[in-house]
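All values below come from the heavy atoms of this structure, side chains included, with hydrogens, waters and symmetry mates left out.
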Amino acid sequence: MIIESIEMENFKSYGKKVTVRLKDGFTVIIGPNGSGKSNLGDAMLFVLGAKSNKAIRVDRAADFIHKSDPPLKRCSVTLTISEGDKKYTLSREIVNNGNEIKSNYYLNGKRARYLDVLKLIDSFHIYLDSYSFVLQGDINNIIKMSGAERRKLIESMA
Amino acid sequence: MIIESIEMENFKSYGKKVTVRLKDGFTVIIGPNGSGKSNLGDAMLFVLGAKSNKAIRVDRAADFIHKSDPPLKRCSVTLTISEGDKKYTLSREIVNNGNEIKSNYYLNGKRARYLDVLKLIDSFHIYLDSYSFVLQGDINNIIKMSGAERRKLIESMA
Amino acid sequence: EKKTFLDLFDGINKNFKEIYYRLTGGEATLEITSRDDPLNSEIYIKAMPKGKYMIKIDALSGGEKSVAVLALILAFQNEKPSPVYYLDEVDMFLDGYNAEQVGKLFRENSKKAQVIMVSLKKAVSKFATNIIGVTTDGHGNTKIVEKYMEEDDGEKRDSQGDNK
Amino acid sequence: EKKTFLDLFDGINKNFKEIYYRLTGGEATLEITSRDDPLNSEIYIKAMPKGKYMIKIDALSGGEKSVAVLALILAFQNEKPSPVYYLDEVDMFLDGYNAEQVGKLFRENSKKAQVIMVSLKKAVSKFATNIIGVTTDGHGNTKIVEKYMEEDDGEKRDSQGDNK
Ligand SMILES: Nc1ncnc2c1ncn2[C@@H]1O[C@H](COP(=O)(O)OP(=O)(O)OP(=O)(O)O)[C@@H](O)[C@H]1O
Ligand SMILES: Nc1ncnc2c1ncn2[C@@H]1O[C@H](COP(=O)(O)OP(=O)(O)OP(=O)(O)O)[C@@H](O)[C@H]1O
Ligand SMILES: [Mg+2]
Ligand SMILES: [Mg+2]
């Protein structure tokens, strides 16, 4: 399984519509401070990391939407994933219609139920709890952990 | 006032006797990971930071002494300081004679009382509490502080 | 319960030793305070950079600690292999030599999985097969500015923005 | 009590704004939750990198946060000037551009005080007037390997170990 592209629409610092194509192998993202490198990781986690909001550095779901004047109502990220000869597009959107914020998932363009999405993500075997995604600051956090916290960390992987 | 040289005798990773001469202006210390750069900062703090052990990354005072086989009993750091046309040498040693660990100060080669040393250091106006020494990791610690902790930090400077 | 935990711990520890040796040439190990009562014990990381003594990572330098913890994270990843890895500036504390070792290792790992890494160091990006450059347009919008894609024949192609 | 604290806070904040602007061209400020009851209030750091919105530093990137906090630390130093400063890898999160701004600023500050800094980045050490290189001998002993001392006439002299 590989992620072939990340299409972001008004997601964090990615205003309008921006598509990043990815290839197999070793891809390195470079750029100045604050240019949007970690936001690319957040975009992947936004779709794949359904279980944990914490990991994506926002306080409220509305903070995913690209800040602009007047404020936008929606943002979305679509991952094109290929596995063997199958291809999927998995997307997630946030819609902020003023008094409530909705989060919807789409599989190959059609609305999908949350449970179906979770099952599909599980089938990819991207173990977020075993640090398949290492966020900026994770190393420092583990360095500062106590002996008991490290044991709990390994317990959570068992 | 400038620090003209740092002479270390079996202090942390500085085995035997090593002297580092310093000049005025902007001095940058370079070198690979684990080579002893931060230990130079620790050497200065060891003498000037009389009030706080925490800052020098050791659990027990015996950890200041360069590890070797058989274990050494003593380490020392001597700072040569010039202020206008006056010159001082201020040193501190740790002596580990097995059942107790002693810390002694020397001013221009003669044993000095702790209170005299504190008065001399105060006269240099090196405000360690206002971050005149910024240790590796201090920036990260301030980034992670809560609003109340930052207020307490400024309070401690008042 | 206990047995699953200890099996996992031993598996991680074996990986950890191998990866730490591969990155630094030194030795490292995880220590658990009690194998009899693992679910109430504490786990410590000990490392011995080349030519030094084995000590808890708290007494090592900033860079030496981060190499040890990176090796531990890679050991976690090895226990449960994933098809995609994302690593954000894990080389931040490293000097040129250590950063190169990390770049080499990730290039090798990328033969078995898709590896996506954020790095500010040339010592790492020189091992990349693809590079994506981002910048801002001055109004807080991220722009994708350059991509080098190593074609199958190994030749780098420079293209602006989207790859046709 | 209250007055001393508020005077110190205002002094630091004034310095902080100036230094942040000097390093990045953007704006920054400290905010206190209650000026009436300062000793029970909270203090937040807000920054607006060039071309962006003013927000709490928690929402900024790793590098943007560290530039803001570095500016704050330098503001602390300005409140109580010291003849000697020591800074250990404060440029760790910074890209090339930001690291250069920091190098320039420290070179300038070194006209009024002795500045000693540990750095792994060439973008900073190129502004140094003196460079001290350290390494280990392979058995955990630190050796001083090189020194460039800018002689008064500005010419760099390369010498091994101790300067005669
Ligand atoms: N008492 C001691 N005897 C011998 N070596 C010691 C002693 N105390 C610390 N060390 C060693 O000193 C080394 C750390 O040096 P230091 O922290 O100065 O490195 P550094 O050059 O700052 O590296 P980095 O770039 O990773 O921050 C460690 O490897 C540590 O084991
Ligand atoms: N909803 C949003 N709308 C607009 N901009 C946003 C939004 N959320 C975050 N940002 C901006 O995105 C920028 C951070 O981007 P990111 O964390 O990806 O930087 P980075 O390239 O990883 O930088 P560094 O090298 O410093 O880690 C910040 O300046 C932040 O203000
Ligand atoms: Mg980042
Ligand atoms: Mg260091």
Side-chain angles (χ1 to χ4, degrees), chain A residues 1-3 8 12-16 18-41 44-45 48 66-68 83 124-140 142-143 146-151 153-155 157-158, chain C residues 4-5 8-9 12 32-33 38-39 41-45 57 65-66 69-70 72-73 76-77 79-90 92-93 106-107 110 114-120 124-125 127-136 140-145 147 149-150 162-163:
Chain A
M1 173 247 171
I2 79 161
I3 298 176
M8 296 163 281
K12 295 189 86 177
S13 59
Y14 292 83
K16 303 208 177 63
V18 178
T19 303
V20 174
R21 276 182 221 303
L22 293 171
K23 286 184 62 156
D24 214 349
F26 183 26
T27 301
V28 175
I29 305 165
I30 61 176
N33 290 140
S35 56
K37 302 185 295 296
S38 298
N39 287 342
L40 264 183
M44 289 187 281
L45 266 183
L48 297 171
H66 182 66
K67 263 206 187 69
S68 79
E83 190 167 44
F124 294 144
H125 302 301
I126 302 176
Y127 299 101
L128 293 176
D129 292 338
S130 301
Y131 284 91
S132 56
F133 274 55
V134 186
L135 304 183
Q136 218 171 340
D138 278 356
I139 287 194
N140 238 335
I142 294 181
I143 287 175
S146 68
E149 284 166 341
R150 287 189 192 127
R151 186 248 309 145
L153 180 65
I154 292 183
E155 251 182 287
M157 296 177 193
Chain C
T4 347
F5 180 83
L8 180 65
F9 175 78
I12 289 172
I32 189 166
T33 46
L39 300 179
S41 63
E42 298 185 2
I43 290 178
Y44 291 101
I45 305 172
I57 64 167
K65 277 184 216 172
S66 92
V69 166
L70 179 58
L72 180 62
I73 285 180
F76 291 154
Q77 293 180 346
E79 270 305 301
K80 290 223 169 134
S82 159
V84 174
Y85 293 108
Y86 171 78
L87 304 119
D88 197 336
E89 298 197 31
V90 294
M92 198 194 295
F93 300 82
F106 288 163
R107 172 77 183 237
S110 74
Q114 185 180 24
V115 178
I116 303 166
M117 177 174 183
V118 175
S119 173
L120 298 177
V124 168
S125 49
F127 291 101
T129 50
N130 320 309
I131 289 184
I132 297 176
V134 295
T135 188
T136 49
N141 286 313
T142 299
K143 295 272 167 276
I144 309 287
V145 285
K147 276 195 188 176
M149 290 306 188
E150 197 163 285
D162 261 348
N163 247 14

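- Taking chain C as the reference chain and counting heavy-atom pairs below 4.5 Å, the highest number among A:Ile142, A:Ile143, A:Asp129, A:Asp138 is found for A:Ile143.
- Each of A:Gly15, A:Ala158, A:Ser132 has some count of heavy-atom pairs under 4.5 Å with chain C, and the biggest count is that of A:Ser132.
- Put simply, the side chain of C:Ile144 reaches to within 4.5 Å of the side chain of A:Tyr14, judged on heavy atoms.
- Interface residue C:Val90: backbone and side-chain heavy atoms are both found under 4.5 Å from chain A.
- Heavy-atom distances place the side chain of C:Leu8, and not its backbone, under 4.5 Å from chain A.
- No part of C:Ile32 comes within reach of chain A, as not one of its non-hydrogen atoms sits under 4.5 angstrom from that chain.
- Between the CD1 atom of A:Ile29 and the CG atom of C:Asp88 there is a distance of 8.0 Å, given to the nearest 0.5 Å.
- With chain A as partner, the option from C:Val134, C:Leu87, C:Ile73, C:Val118 having the largest number of non-hydrogen pairs under 4.5 angstrom is C:Val134.
- For chain A, the nearby part of C:Glu89 is the side chain; its heavy atoms alone come within less than 4.5 Å.
- No side-chain heavy atom of A:Ile139 sits under 4.5 Å from any side-chain heavy atom of C:Met92.
- Side-chain atoms of A:Leu153 and C:Phe76, non-hydrogen and from C-beta on, do get closer than 4.5 Å to each other.
- At a 4.5 Å heavy-atom cutoff, the contact between A:Asn140 and chain C is made by side-chain atoms alone.
- Separation of atoms OG1 (C:Thr142) and NZ (A:Lys12) is listed at 10.0 Å; rounding is to 0.5 Å.
- Using a 4.5 Å cut-off between heavy atoms, C:Leu120 touches chain A through its side chain atoms alone.
- Neither the backbone nor the side chain of A:Met8 has a heavy atom closer than 4.5 Å to any heavy atom of chain C.
- For the atom pair CZ of A:Arg21 and CD1 of C:Ile132, the computed distance is 11.0 Å after rounding to the nearest 0.5 Å.
- Most heavy-atom pairs under 4.5 Å with chain A, from the set C:Ile45, C:Ile12, C:Val124: that is C:Ile45.
- With a 4.5 Å cut-off on non-hydrogen atoms, C:Phe127 touches chain A through its backbone and its side chain both.
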